[in-house]
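Worksheet: one structure, shown below.
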Amino acid sequence: MNKQTTHPLKNDFFSKKITNWYLQHKRDLPWRNTQNPYYIWLSEIILQQTRVAQGMPYYYKFVEAFPTVQDLANADENEVLRLWQGLGYYSRARNLHKTAKMVVEDYNGIFPEKYSELLKLKGIGTYTAAAIASFAFGEKVAVLDGNVYRVLSRVFGEVTDISGKDAKKVFTQLAESVLPTSNSATHNQAIMEFGAIQCTPASPNCMFCTLSMECVANASGQVAHLPVKSKKVKVKERFFNYFIIEQNGIFAMRKRLGRDVWEGMYDFYLKEIEENIQDLSYLAMEDTFLSELIKESLIKRESSIYTHILTHQRIQTKFWHLEVNNSFLLHLPQELEWYNLNEVDDLPKSTLVNNYLKEYVFE
DNA sequence: AATTCGTGGCA
DNA sequence: TTGCCAAGAAT
């Protein structure tokens, strides 16, 4: 017997409860006051794995800088990344730009309306395709994000491990089973908002919850243990030594390439080592460029260790600010190029690099 | 298909 | 201090 179809909350009761709650408690967010797919898409990309409070200023910046998808498509990637600077997960910004170009070139500047068509665009996965199709075009598709996993697992007592491989199938089916025939867009907004405000990850106030009587987890005292998430992140230790090469007021920087953190962002000459050794002669071993550089420079500053925390990495970084002798003709490696202070400011940079620059270079 | 992509807030 | 994790997607 299938408990999902026999649960008392089915037959639209759950949807009605949660939609009523939403109409009374929803936040007034700018992307909720439009049906323009460009603004809705923009907000959804910004909000991927990101809190509303953190993404809000970026939403306003992007709307102002790029009022239309054509404006975004015509921008340079560096300009888009620079505006995204500080928000993290920079592939979102690169894919945002790619998709803007694709919409302009392949779709005549008109966003596709169907879930299945939206799914083909870069940076748009199952959740975002459903969100755009639902909010902008009223398609009857169920959104499934972190909020929905949490709300459904608690209310219906679904114990499937959300970090397991069959979780998506199980919860998609559950989400679809509670999706109403009409007003599915409001329902989708409602279940996410309910997860964000009422059914919060830590210590939700179930005493005042509109679903306290019907919630399986609340009845069994399992709210704090749902959803089940078994997988823990493994954090890798890394040790960076950045060399800030300055000569006559200009700086050597490079665009990060390859599949590592901060792809597309600019940084300095980097020496990554396996152990936490901060010794110049050690760092310069088997590095003819660095050896020559050190010989022809004075150390303007040797920073303390910056510990930068990412989800999967803990990066300990020392910045060596080198002032190259004015008269010396330094041959930069292929990847490095010279930039003056204004250009350095304009380039997209990681928060780690930007923090140092703000503290000691831009002043 | 398990990993890897940022950053900041919170307990 | 440490761990959790927030409107996920790409590979």
Side-chain angles (χ1 to χ4, degrees), chain A residues 22 26-27 29-32 39-59 81 84-96 98-99 118-135 142-151 161-169 171-172 175 185 188-197 199-204 224-225 227 229-236 238 256 258-265 306-315 348-355:
Chain A
Y22 174 69
K26 68 173 179 177
R27 293 166 290 181
L29 304 175
W31 46 85
R32 286 187 179 152
Y39 294 125
I40 291 173
W41 165 64
L42 180 59
S43 72
E44 292 300 340
I45 302 300
I46 288 173
L47 291 172
Q48 285 169 4
Q49 297 289 285
T50 303
R51 296 173 202 286
V52 167
Q54 193 182 357
M56 186 79 79
Y58 287 85
Y59 177 79
L81 283 170
W84 200 272
Q85 178 175 301
L87 194 56
Y89 285 154
Y90 297 99
S91 67
R92 289 184 295 172
R94 299 195 309 272
N95 287 332
L96 187 81
K98 281 181 201 161
T99 289
L118 288 160
L119 211 45
K120 297 176 182 172
L121 300 174
K122 282 288 182 188
I124 298 184
T126 54
Y127 162 74
T128 305
I132 298 171
S134 176
F135 302 152
V143 295
L144 180 60
D145 74 334
N147 290 307
V148 179
Y149 275 112
R150 186 171 57 257
V151 171
D161 186 345
I162 66 168
S163 55
K165 62 177 180 64
D166 48 346
K168 191 163 183 175
K169 187 175 55 183
F171 280 90
T172 296
N188 279 331
Q189 289 281 189
I191 190 169
M192 286 195 293
E193 188 77 337
F194 186 76
I197 292 180
C199 195
T200 52
S203 55
H225 303 296
K229 188 178 182 183
S230 65
K231 207 184 301 177
K232 310 295 180 195
V233 292
K234 195 170 164 186
V235 178
K236 181 185 178 184
R238 297 178 75 175
R256 290 178 63 85
R259 38 180 201 283
D260 195 1
V261 292
W262 304 317
E263 183 181 346
M265 310 299 273
Y306 285 62
T307 301
H308 195 80
I309 310 288
L310 293 76
T311 304
H312 291 81
Q313 301 182 27
R314 187 169 173 273
I315 304 177
K349 299 165 293 292
S350 69
T351 293
L352 170 62
V353 165
N354 201 44
N355 280 347

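Throughout, a chain's letter reflects where its sequence line sits, starting with A, and its residues are numbered from 1. As the structure is a computational prediction, the values presented were derived from the model and not from experiment.
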Original post:
Hey, which of these two, A:L121 or A:K229, hits DNA chain C nearer its 5' end, going by closest nucleotide?
Top reply: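 Result of the comparison: A:K229.
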
Subject >> A:T126 vs A:P201, nearer the 5' end of DNA chain C by closest nucleotide >> reply: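 The residue mapped nearer the 5' terminus is A:P201.
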
**OP:** Consider the side chain of A:V261, meaning its heavy atoms from C-beta on, and name the nucleotide among B:dC5, C:dA10, B:dT7 that approaches it most closely.
**Re:**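 Between B:dC5, C:dA10, B:dT7, the one nearest the side chain of A:V261 would be B:dC5.
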
Subject >> Nucleotide of C:dA9, C:dA7, B:dG6 approaching A:Q48 most closely (side-chain heavy atoms) >> reply: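 The closest nucleotide is C:dA9.
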
Look at all strands and tell whether [X] reaches a base, only sugar-phosphate, or nothing, counting heavy atoms closer than 4.0 Å.
X: A:I309; value: base
X: A:R314; value: nothing
X: A:A196; value: sugar-phosphate
X: A:I45; value: nothing
X: A:Q313; value: sugar-phosphate
X: A:K122; value: sugar-phosphate
X: A:W31; value: base
X: A:G55; value: nothing
X: A:T128; value: sugar-phosphate
X: A:L29; value: base
X: A:T351; value: sugar-phosphate

Distance, [atom1] atom - from [M] to [N], rounded to whole angstrom:
N: B:dT3; M: C:dC4; atom1: P; answer: 16 Å
N: C:dC5; M: B:dT4; atom1: C1'; answer: 16 Å
N: B:dG8; M: C:dA9; atom1: P; answer: 23 Å
N: C:dA7; M: B:dC5; atom1: P; answer: 22 Å

Original post:
Is there a donor on the side chain of A:R92 or the base of B:dC5 sitting less than 3.5 Å from an acceptor on the other?
Top reply: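 Check fails, no donor-acceptor contact within cut-off.
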
Original post:
Would you say the side chain of A:T311 and the base of B:dG6 hold a donor-acceptor pair, judged only by whether the two atoms sit under 3.5 Å apart?
Top reply: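 Side chain to base: pair found, below 3.5 Å.
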
Subject >> Earlier contact from the 5' end, DNA chain B, for A:K165 and A:G86 >> reply: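 Of the two residues, A:K165 wins.
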
**OP:** Could you pick out which residue, A:G164 or A:Q54, lies toward the 5' side of DNA chain B when each is mapped onto its nearest nucleotide?
**Re:**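 This one resolves to A:G164.
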
Take the protein atom [atom1] of [X] and the nucleotide atom [atom2] of [N], then report the distance between them rounded to whole Å.
X: A:K168; N: C:dG8; atom1: NZ; atom2: P; value: 11 Å
X: A:H312; N: C:dC5; atom1: NE2; atom2: C1'; value: 12 Å
X: A:R259; N: C:dA10; atom1: CZ; atom2: C1'; value: 12 Å
X: A:N354; N: B:dG8; atom1: CG; atom2: C1'; value: 15 Å
X: A:E263; N: B:dT4; atom1: CD; atom2: P; value: 15 Å
X: A:K234; N: C:dG3; atom1: NZ; atom2: C1'; value: 17 Å
X: A:R256; N: B:dG6; atom1: CZ; atom2: P; value: 9 Å
X: A:R51; N: C:dG8; atom1: CZ; atom2: C1'; value: 15 Å

Please state whether the phosphate of [N], meaning OP1 or OP2, lies under 4.0 angstrom from any side-chain nitrogen or oxygen of [X].
X: A:Y90; N: B:dT7; value: yes
X: A:W41; N: C:dA7; value: no
X: A:Q49; N: C:dA6; value: no

Original post:
For residues A:S350 and A:R256, is any side-chain donor paired with an opposing acceptor at under 3.5 Å?
Top reply: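 The criterion, which ignores hydrogens and geometry beyond distance, is not satisfied for A:R256 and A:S350.
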
Subject >> Between A:Y127 and A:Q48: side-chain donor-acceptor atoms closer than 3.5 Å >> reply: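 Their side chains do not contain a donor-acceptor pair, so the 3.5 Å distance test is not met.
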
Donor-acceptor pair, distance only, cut-off 3.5 Å: does the side chain of [X] make one with the backbone of [Y]?
X: A:R92; Y: A:W84; result: no
X: A:S43; Y: A:I40; result: yes
X: A:N188; Y: A:V143; result: yes

[X] versus [Y]: any side-chain heavy-atom pair under 4.5 Å?
X: A:Q85; Y: A:Y58; value: no
X: A:T99; Y: A:W41; value: yes
X: A:L96; Y: A:L42; value: yes

